[in-house]
Amino acid sequence: MFYWVAKWTLGATLRLVFRPRVVGLENVPTKGAAIIASNHLSFSDSFFAPLVIPGRKVTFMAKAEYFTRRGIKGWFSRLFFKGIGQLSVDRSGGKASAAGLRTGLEALQAGELLGIYPEGTRSPDGRLYRGRTGIARMVLESGVPVVPCAMVNTDRLQPPGQVVPKLVQPEVRFGKPLDFSRYAGMESDRLVLRAITDEIMYELMRLSG
């Protein structure tokens with residue numbers, strides 16, 4: 001419930017102030033599970049991408065630090081991210097990361113849209129970096145399509161470390177869904193995982209320019 005309240009209150013404010021543009025919205029499925037794979041330029045990416053998708057909730061896999069910070073700031077961070085139903089992902093690797101992937105798979109099995117940043121973290125300089133293969137493993141285990149999503153200008157709107165955003169118009173571009181069913185059953189093949197990840201990243205490069 002809090003997700004929808006935030007989307008229609010905070011979302012209305014963001015629309016009025018920043019007037020985000022959206023391109024290719026018809027590529028986002030209106031029902032059923034899919035992965036929204038996005039480049040990551042700014043903290044605000046997780047606000048503007050779901051904002052421009054009407055009628056559907058997007059569950060993002062967020063870094064665990066948003067849920068474990070201490071102090072009053074940490075308390076508000078936990079309250080907000082848990083309230084809007086985002087998933088905590090430990091990026092340290094091993095069993096902790098695997099648990100995060102399983103949680104993401106559960107969201108896909110429930111028919112949700114799952115937002116993932118394949119680079120694993122925000123770009124420090126606006127460039128697109130090599131993707132991590134965790135997304136490929138999730139694609140093969142879930143069998144869902146991948147919708148590439150390019151965030152544009154959000155690094156100018158809210159650069160890393162800046163709390164108050166600038167009045168810059170962001171743009172969200174969605175590409176055509178990618179189907180990787182031809183690789184079904186090959187999730188243990190490292191070369192296949194890298195090939196899938198690189199194909200997703202190529203589409204993000206093409207969309208973002």
Side-chain angles (χ1 to χ4, degrees), residues 14 17-25 27-28 34-53 58-66 69 77 81 86-93 97 100-101 104 113-140 145-180 190-209:
L14 293 177
V17 174
F18 297 100
R19 300 186 179 278
R21 293 186 58 204
V22 58
V23 177
L25 185 59
N27 293 316
V28 180
I35 291 174
I36 306 293
S38 175
N39 61 329
H40 197 12
L41 301 177
S42 167
F43 176 77
S44 61
D45 294 337
S46 298
F47 292 89
F48 286 107
L51 177 62
V52 299
I53 302 177
V58 181
T59 300
F60 268 94
M61 300 186 72
K63 63 181 181 180
E65 289 84 346
Y66 288 143
R69 289 173 178 169
S77 176
F81 281 96
Q86 306 307 279
L87 305 179
S88 173
V89 178
D90 190 320
R91 300 179 297 176
S92 61
S97 296
L101 294 179
L113 293 177
L114 182 67
I116 298 178
Y117 299 116
E119 295 164 279
T121 188
R122 277 179 288 177
S123 171
D125 54 15
R127 294 187 296 173
L128 189 67
Y129 284 78
R130 196 180 194 214
R132 300 184 180 184
T133 58
I135 186 174
R137 194 177 302 278
M138 294 191 71
V139 168
L140 293 182
V146 178
V147 179
C149 172
M151 306 301 300
V152 180
N153 288 336
T154 53
D155 54 332
R156 293 172 52 216
L157 183 149
Q158 189 178 24
Q162 181 166 324
V163 177
V164 180
K166 301 177 181 178
L167 287 178
V168 175
Q169 184 182 40
E171 183 173 321
V172 186
R173 304 171 183 169
F174 296 104
K176 293 183 179 181
L178 304 175
D179 178 18
F180 295 102
R190 294 181 182 178
L191 293 179
V192 168
L193 296 179
R194 173 46 58 191
I196 292 173
T197 305
D198 288 347
E199 185 173 338
I200 293 170
M201 299 310 295
Y202 179 83
E203 287 303 310
L204 292 181
M205 179 191 71
R206 188 183 61 81
L207 274 177
S208 65

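Bear in mind that the values here come from a model prediction, so they are computed numbers and not experimental data.
- The one candidate from Asn27, Leu178, Asn39, Ile35 that meets the side chain to side chain contact (heavy atoms under 4.5 Å, CB included) condition with Pro148 is Leu178.
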request  = Check step by step if side-chain contact (heavy atoms from CB on, under 4.5 Å) holds for Leu204 and Leu128.
outcome  = CA-CA 8 Å; Leu204 292 181; Leu128 189 67; 4.1 Å; yes
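- By the 4.5 Å heavy-atom criterion applied to side chains, Val172 and Ile53 are not counted as neighbours.
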Residue pair Phe47, Leu14: steps toward the side-chain contact (heavy atoms from CB on, under 4.5 Å) verdict = CA-CA 9 Å; Phe47 292 89; Leu14 293 177; 4.1 Å; yes
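- Atoms CE and OG, on Met151 and Ser42 in that order, are 8.0 Å from each other to the nearest 0.5 Å.
- Remark: Arg194 CZ to Met201 CE distance equals 9.0 Å, nearest 0.5 Å.
- Shown here is Arg21, whose CZ atom has no more than 12 heavy atoms of other residues, nucleotides or ligands within 6.0 Å.
- For Thr197, there are no side-chain hydrogen bond (donor to acceptor under 3.5 Å, both in side chains) partners at least two apart in sequence or on another chain.
- Aromatic ring orientation, Phe60 versus Tyr117: parallel (interplanar angle below 30°, classes split at 30° and 60°).
- With rounding to the nearest 0.5 angstrom, the CD1 atom of Ile200 is 13.0 Å from the SG atom of Cys149.
- Side chain of Asn153 to main chain of Gln169: a donor-acceptor pair is present (N/O by atom type, distance under 3.5 Å, no hydrogens or angles).
- Looking at Arg137 and Leu193, their side chains come closer than 4.5 Å, going by heavy atoms from C-beta outward.
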ask   = What do the steps show when you test Phe48 against Glu171 for side-chain contact (heavy atoms from CB on, under 4.5 Å), and what is the final call?
value = CA-CA 8 Å; Phe48 286 107; Glu171 183 173 321; over 6 Å; no
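- In this structure, the separation between CG on Leu157 and CG on Asp155 is 9.0 Å, given to the nearest 0.5 Å.
- Closest approach of Phe174 to Gly24, counting heavy atoms only: CB-O, 3.3 Å.
- Considering every non-hydrogen atom in both Pro170 and Phe18, the closest pair reads CD-O, 3.7 Å.
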inquiry  = Show, in sequence, the C-alpha distance, side-chain angles and deciding distance for Glu203 and Val146, and conclude whether the side-chain contact (heavy atoms from CB on, under 4.5 Å) test is met.
reply    = CA-CA 11 Å; Glu203 287 303 310; Val146 178; over 6 Å; no
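- Going from atom OG of Ser44 over to atom CD of Gln162 covers 10.0 Å, rounded to the nearest 0.5 Å.
- Arg132 contributes no side-chain N or O that, together with a main-chain N or O of Pro118, makes up a donor-acceptor pair within less than 3.5 Å.
- In this structure, the separation between CD1 on Ile116 and CD1 on Ile135 is 4.5 Å, given to the nearest 0.5 Å.
- Looking at residues two or more places apart in sequence or on another chain, you find a side-chain hydrogen bond (donor to acceptor under 3.5 Å, both in side chains) between Thr154 and Asp45.
- Residues passing the side-chain hydrogen bond (donor to acceptor under 3.5 Å, both in side chains) test with Ser208: none are found, sequence neighbours excluded.
- A side-chain donor-acceptor contact under 3.5 Å links Gln158 to the backbone of Val163.
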